[in-house]
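Computed over heavy atoms, backbone and side chain alike; hydrogens, waters and symmetry mates excluded.
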Amino acid sequence: MTYNKNFDADAVLRTVEAVSRHHAEGTPEDEALRICAAALLFVRDDLKKLEEFREFFRKITTPASEGVKVAHTFSSREEAETWLASGAAKDGQLLRVAGQGFTVIDRGPKGLKLVRIPLPEELPPHKPGK
């Protein structure tokens, strides 16, 4: 799902109104649509509230995996270890090494180390309800 951070609140309200015409007044669907419209009306006219709502909506609709950013990609573990030893690495950076995910860990006096951490594409698909 893509998130439109600049959604048009009035266009959304018009869509809710159009959908509501397909549901009889007093039905649970009618009530739910009225509540959704009222909530949007509540925030629409207050720019601060609308921006807070947009950020909230982005957080709950944007998959967490989209926030995962790989800092560097290496074709081999040896190449990644050489880069790590160069002093350019920073604690917490996420790397792709030969198609697998790793993170840089700062062990203090012991120096930096690569620790295996799967990238989102390495994980099995999410199964709702499990």
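Within the structure, the salt bridge (charged side-chain N to carboxylate O under 4.0 Å, His left out) test picks out the following pairs touching residues 91-104 (sequence neighbours left out): Arg96-Glu121. Among pairs with a residue in residues 13-50, none fulfils ring-ring contact (aromatic ring centres under 6.0 Å, His included), at least two apart in sequence or across chains.
Within the 4.5 Å cutoff, side-chain heavy atoms of Leu114 are placed close to those of Val104. Side-chain atoms of Leu94 and Leu119, non-hydrogen and from C-beta on, do get closer than 4.5 Å to each other. For the pair Thr103 and Leu95, the minimum side-chain heavy-atom distance is 4.5 Å or more. For the pair Asp8/Arg14, a side-chain contact is recorded, criterion being any heavy-atom separation below 4.5 Å from C-beta on.
Taking CG from Leu84 and NE2 from His72, the interatomic distance works out to 11.0 Å, rounded to the nearest 0.5 Å. Atom CD of Gln93 is separated from atom CD1 of Ile105 by 11.5 Å, given to the nearest 0.5 angstrom. The NZ atom of Lys90 sits 10.5 Å away from the CG atom of Leu112 when rounded to the nearest 0.5 Å. Atom CG of Asp45 and atom CG of Leu50 lie 9.0 Å apart (nearest 0.5 Å).
Checked for salt-bridge contact, Glu51 and Arg54 meet the test: a charged N lies under 4.0 Å from a carboxylate O. Between Glu81 and Lys113 no salt bridge is recorded (no basic side-chain N to carboxylate O distance below 4.0 Å).
Nearest heavy-atom pair, Ala80 versus Val97, reported as atom, atom and distance to 0.1 Å: CB-CG2, 3.7 Å. Summarising the geometry of Ser75 relative to Ala98, their closest heavy-atom pair is O-CB, 3.5 Å, with the distance given to 0.1 Å.
Relative orientation of the Phe7 and Phe53 rings is perpendicular, given thresholds of 30° and 60° on the angle between their planes.
Grouping the Ile, Leu, Val, Met, Phe, Trp and Tyr side chains by contacts below 4.5 angstrom, directly or via other members, places Ile117 apart from Phe74.
Within a 6.0 Å radius of CD in Gln100, more than 12 heavy atoms belonging to other residues, nucleotides or ligands are found.
In this structure, the side chain to side chain contact (heavy atoms under 4.5 Å, CB included) partners of Arg44, at least two apart in sequence or on a different chain, are Ala9, Asp10, Leu13, Leu41.
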